[in-house]
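Here's the structure we're looking at; comments come further down.
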Amino acid sequence: MKLTVPSELKRLYRQGRVVPFVGAGASMSLQWRQPGGTDLIQGPSWSEMVNEACRQMGYTDPELLRYRGTDLQILEFFEQKMGDFAPLINWMVRRFDVPQEAILASRVHKALAGLEKSKTFYTTNYDELLERCLILHGRSVRVVARERDMGGGENSTEVVKFHGDFNNPRLMVFSEAHYYRRLRFDDPLDFKLRSDLLNRVTLFVGYSFRDLNVGVLLDHLNELLKLLPDSDTGKRAYIVVNNPSDFEYTLFKKRNMEIIPTYGDDRTETLAEVLEEIVS
């Protein structure tokens with residue numbers, strides 16, 4: 001089925017007014033083999049990370065904990081039981097030890113790097129795959145994870161780590177308490193996001209409606225943008241959704257987001273096609 005990328009989004013992109021927001025689906029699209037190995041590895045999902053947290057606490061069946069609480073509550077339990085998130089972060093760092101060749105072979109990451117008129121990217125991913133792919137495709141990058149990272153580097157592409165990263169573990173948003181704290185909208189990155197979205201639109205890629213980040217981010221954006229009614233973009237946010245139904249259309253519309261639908265079983269390919277179509 002032919003892609004239906006809105007012409008308005010393509011126009012805004014040509015004007016440099018599209019801010020991509022990159023989620024876990026982009027990292028999960030990567031596949032690689034470790035040296036000497038035969039099994040394909042891919043970036044872990046949120047569920048896999050929570051499963052690993054359960055394993056590290058001695059629970060062989062994560063569903064036993066999910067019966068008692070949400071994934072965010074499980075991670076809060078992990079912090080209390082283990083003292084901090086260091087063991088889980090160490091596991092994630094090892095899992096995201098992605099060879100350069102795999103990043104260069106990723107159609108999705110090549111397409112993200114091809115959004116040359118987008119000078120600022122946001123991501124809720126902790127890993128370094130987005131900034132690595134931009135650098136590998138010849139773009140100068142400045143990572144922003146805290147206030148001291150802001151300013152300067154006008155000729156660089158900004159990668160804003162909205163939920164922290166491996167280099168700033170104390171800023172990583174993991175647990176229910178972390179999410180509640182971010183809902184105060186008083187973090188320096190919240191103020192930066194509001195500034196960056198003045199008369200621009202966000203493009204969510206690599207998210208699904210079930211993604212824990214999406215609900216918080218949508219509420220976050222609506223809260224930030226409700227005081228900015230005069231944008232001439234006509235839209236505030238777009239999101240790429242595979243095989244959407246009336247369920248997604250209705251609930252995203254309520255959240256002032258326009259769906260870019262894709263169809264098919266290979267979400268990686270269809271996501272890459274959308275990104276490539278935007279710049280065409």
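- Side chain of R95 to main chain of Q42: a donor-acceptor pair is present (N/O by atom type, distance under 3.5 Å, no hydrogens or angles).
- Partners of K192 by side-chain hydrogen bond (donor to acceptor under 3.5 Å, both in side chains), not counting sequence neighbours, listed by chain and number: E158, D196.
- The ring-ring contact (aromatic ring centres under 6.0 Å, His included) contacts involving residues 82-110 comprise F78-F85, F85-F174, F85-H178, where partners must be two or more places apart or lie in separate chains.
- A salt bridge does not link D97 to R94: none of the charged nitrogens lies less than 4.0 Å from a carboxylate oxygen.
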Worked verdict on L189 versus V144 for side chain to side chain contact (heavy atoms under 4.5 Å, CB included): CA-CA 9 Å; L189 293 187; V144 177; 4.0 Å; yes

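- In the hydrophobic cluster analysis, where Ile, Leu, Val, Met, Phe, Trp and Tyr join through side-chain heavy atoms closer than 4.5 angstrom, L171 is grouped apart from L75.
- The two residues I74 and G69 come nearest to each other via the heavy atoms CD1-O, 4.3 Å.
- Judged by distance alone, the side chain of N243 and the main-chain N or O of G264 form a donor-acceptor pair under 3.5 Å.
- Residues passing the side-chain hydrogen bond (donor to acceptor under 3.5 Å, both in side chains) test with R139, sequence neighbours excluded: T157.
- When all heavy atoms of G23 and N125 are compared, the closest pair comes out as O-ND2, 2.9 Å.
- For residues 111-126, there are no salt bridge (Lys or Arg N to Asp or Glu O under 4.0 Å) pairs, not counting sequence neighbours.
- Contact of the F121 side chain with the V160 side chain is not registered, since no non-hydrogen atoms from C-beta on lie closer than 4.5 Å.
- No side-chain donor-acceptor contact under 3.5 Å links Q80 to the backbone of F77.
- With D149 contributing its side chain and A145 its backbone, the two residues share a donor-acceptor pair below 3.5 Å.
- Taken to the nearest 0.5 Å, the OH atom of Y126 stands 11.5 Å off from the OG atom of S27.
- Note on residues 74-90: no pairs pass salt bridge (Lys or Arg N to Asp or Glu O under 4.0 Å), not counting sequence neighbours.
- Residues passing the salt bridge (Lys or Arg N to Asp or Glu O under 4.0 Å) test with E131, sequence neighbours excluded: K161.
- Checked against side-chain hydrogen bond (donor to acceptor under 3.5 Å, both in side chains), R107 has the following partners two or more places apart in sequence or in another chain: E269, E276.
- E277 and K10 are joined by a salt bridge, as a carboxylate oxygen and a charged side-chain nitrogen come within less than 4.0 angstrom of each other.
- Between M172 and N168, the closest side-chain pair of non-hydrogen atoms is not below 4.5 Å.
- Judged as a side-chain hydrogen bond (donor to acceptor under 3.5 Å, both in side chains), and not counting sequence neighbours, the contacts of R55 are E52.
- The closest side-chain donor-acceptor pair between T270 and E273, if any, does not fall under 3.5 angstrom.
- Residues satisfying the side-chain contact (heavy atoms from CB on, under 4.5 Å) criterion with E63, sequence neighbours excluded, are D61, R66.
- When side chains are defined from C-beta on, S156 does not count as touching V141, because their heavy atoms never get closer than 4.5 Å.
- For N167, the side-chain contact (heavy atoms from CB on, under 4.5 Å) partners are E128, D165, not counting sequence neighbours.
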I'd like to know whether V201 forms a side chain to side chain contact (heavy atoms under 4.5 Å, CB included) with L9, so could you lay out the CA-CA distance, the side-chain angles of the two residues, the decisive distance to 0.1 Å, and finally the verdict. CA-CA 8 Å; V201 298; L9 176 60; 4.3 Å; yes

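- For the atom pair N242 CG and I260 CD1, the distance stands at 13.0 Å (nearest 0.5 Å).
- For W32 against A102, the heavy-atom pair with the smallest separation is CB-CB, 3.6 Å.
- Residue S29 comes nearest to T268 through the heavy atom pair CB-OG1, 3.5 Å, listed as atom of the first residue, atom of the second, then distance.
- Transitive grouping of hydrophobic side chains (ILVMFWY, heavy atoms separated by less than 4.5 Å) brings L197 and F252 into a common cluster.
- When the side-chain contact (heavy atoms from CB on, under 4.5 Å) test is applied to S7, no partner is found at least two apart in sequence or on another chain.
- Here CD1 of I89 is found 9.5 Å from CE of M49. Values are rounded to the nearest 0.5 Å.
- Put simply, OG on S280 and CG on L275 are 11.5 Å apart, with the number rounded to the nearest 0.5 Å.
- At least one donor-acceptor pair under 3.5 Å links the side chain of S245 to the backbone N or O of F247.
- Checking side-chain atoms of Q73 against main-chain N and O of T70 turns up a donor-acceptor pair under 3.5 Å.
- No side-chain donor-acceptor contact under 3.5 Å links R267 to the backbone of G206.
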Verdict with reasoning, H137 to L104, per side chain to side chain contact (heavy atoms under 4.5 Å, CB included): CA-CA 8 Å; H137 286 91; L104 288 171; 4.2 Å; yes

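- R17 and N199 get closest at one heavy-atom pair: NE-O, 3.2 Å.
- In this structure, the side chains of V241 and T262 stay at 4.5 Å or more apart for every pair of heavy atoms.
- Put simply, M57 and L88 are part of the same group of oily side chains (I, L, V, M, F, W, Y) that touch within less than 4.5 Å, one to the next.
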Run the numbers on I103 and C133 for side chain to side chain contact (heavy atoms under 4.5 Å, CB included), then give the verdict. CA-CA 6 Å; I103 300 174; C133 93; 3.6 Å; yes

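- The distance from the CG atom of L115 to the OH atom of Y13 is 5.0 Å, given to the nearest 0.5 Å.
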Stepwise, does the side-chain hydrogen bond (donor to acceptor under 3.5 Å, both in side chains) test hold for T124 with Y207? CA-CA 10 Å; T124 50; Y207 291 95; 2.8 Å; yes

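- When the side-chain contact (heavy atoms from CB on, under 4.5 Å) test is applied to P188, the partners found at least two apart in sequence or on another chain are E147, M150.
- R200 and G16 get closest at one heavy-atom pair: NE-O, 4.0 Å.
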